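Working notes, beginning with the structure itself.
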Amino acid sequence: MSQRLKKMRSVLAKQGLDALLVRTFEGDSNNVYYLSGFSGSAAVLVITKKKAFIVTDGRYYMRAQKEAPEFKLVKVKRGSRLTEHINEALTMAGLGKTSKVGFESDHLSVHFAKTWCKEIKAKLVPTVHLVERFRQCKDSCEIELLTLACKVTSRVFREVAPLIKAGMTEAEVAFAIDMRLRKHGASGNSFSTIVASGPNSAMPHYATGQRKLKAGEPVILDFGGVFPGGYCSDLTRTIFVPGKKPQAELVKIYKIVLSANKAARKALKPGITWKQYDKVARDYIEQHGYAKQFTHGLGHSLGLAAHDPYDYEHDPFQEGAVVTDEPGIYCEGLGGVRIEDDLVVTADGAERLTSAPYLRV
Ligand code: GLY
Ligand code: MN
Ligand code: MN
């Protein structure tokens, strides 16, 4: 954590800020966790050039002291205002009315921003993605945790795939997946498990339902867990329900999607942009006649969130980025295929963290 705090302070200096406020926001506590180690759901970090405070309430006093030992605890008392205690921390750091204090503008509602500007005794300055920027590239400890998350998730696929039979409902398959994710160490799902069968597989983000699987049809299984350290996995495999030969066009589509997935993985390396990465898979799918049926981006950053922050438009890949590679082809009425792997960008290429097998078609 001290390395992360150090990096954050160098950004404060560059931005001409005396302090930065980092707040948990509507269930998103990732920036607070990333900088401090505190994993609870309500806190504000006050990071100054020399000091660091964690402002939290009675539910979290002990946990904050234990998880964020580099931060001095400022206790929010029952019945008092959070802003009073942010002011208390700023005063302890020797900051006042003329100090420039950054806040994360996309982690504060308009209502909160107005209140903070009125009640916090400093000049508040909106900032954008200062912490998110650091989260784009993972350090070796994060890569180790993501590797483990992907390994376990791949194991869940290997365990569940042979159990899938005609007559099971999508929800039953999802339950079998979720149960094994938890059994093997996930504290929860990184998003709601998608089991999309038959015609439903033509919807990329289908909401798993009660439809019964039929022999020979495609089923998209897209799932992931939140694993130790808070890191997420995100895996998709498409299978064909045993008992009947799948339709020839779906088998053809499967081969195209798998080749597009592999081509993108081979192309991924430091220095290329997300647009270039996406284009590799998109061009391949286009050459095979399904451009219009690949209706989403090739992938996204993965980390403390299943869709981790990344400046997709501006920042080329760097070593340590962890991303998904998930081309898909979706044909209304027929069905769809998506194949998703999680990759880490290395010095001269990319490695696959997910090891779930593909179909041999
Ligand atoms: N399941 C969400 C995604 O693959 O992005
Ligand atoms: Mn996914
Ligand atoms: Mn994904």
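Ligands are counted one by one from 1 in listed order, and the atoms in each one are counted from 1 as well. Just so it is clear, the structure is predicted and the values come from calculations on it, not from any experiment.
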Ligand 1-proximal atoms of Asp234, by part, heavy-atom distance under 4.0 Å: side chain

May I have the step-by-step check of salt bridge (Lys or Arg N to Asp or Glu O under 4.0 Å) for Asp342 and Arg352, ending in yes or no? CA-CA 6 Å; Asp342 303 335; Arg352 192 155 70 106; over 6 Å; no

Of all the atoms in ligand 1, which lie at a distance below 4.0 Å from a heavy atom belonging to Phe191? 1 (N)

Atoms in ligand 1 flagged as close to Glu340, the criterion being non-hydrogen separation under 4.0 Å: 4 (O)

For residues Tyr60 and Phe38, establish whether the separation of their ring centroids is below 6.0 Å. yes

Answer yes when [X] and [Y] have at least one side-chain N-carboxylate O distance shorter than 4.0 Å, and no when they do not.
| X | Y | result |
| --- | --- | --- |
| Glu286 | Arg282 | no |
| Arg81 | Glu119 | yes |
| Arg211 | Glu217 | yes |

Measure from NZ or CZ of [X] to the centre of the six-membered ring of [Y], then state whether that distance is under 6.0 Å and the direction lies within 45° of the axis.
| X | Y | value |
| --- | --- | --- |
| Lys269 | Phe317 | no |
| Arg4 | Tyr34 | yes |
| Arg180 | Phe223 | no |

Where is the nearest protein heavy atom to [atom]: which residue, which atom, and how far?
| atom | value |
| --- | --- |
| atom 5 (O) of ligand 1 | His307 NE2, 2.7 Å |
| atom 4 (O) of ligand 1 | Glu326 OE1, 3.0 Å |
| atom 2 (C) of ligand 1 | His205 NE2, 3.4 Å |

N/O to N/O below 3.5 Å, does that happen between Thr236 and ligand 1? no

Going by distance only, is there an N or O of Arg338 that falls short of 3.5 Å from an N or O of ligand 1? no

Please report the number of protein N, O or S atoms that lie less than 2.8 Å from the Mn ion (ligand 3). 4

Start with the C-alpha gap between Arg338 and Asp222, add the side-chain angles, then the distance that decides, and say whether salt bridge (Lys or Arg N to Asp or Glu O under 4.0 Å) holds. CA-CA 9 Å; Arg338 177 166 65 256; Asp222 183 356; 2.9 Å; yes

Salt bridge (Lys or Arg N to Asp or Glu O under 4.0 Å) between Asp308 and Lys138, intermediate numbers included: CA-CA 11 Å; Asp308 224 35; Lys138 276 67 184 175; 2.9 Å; yes

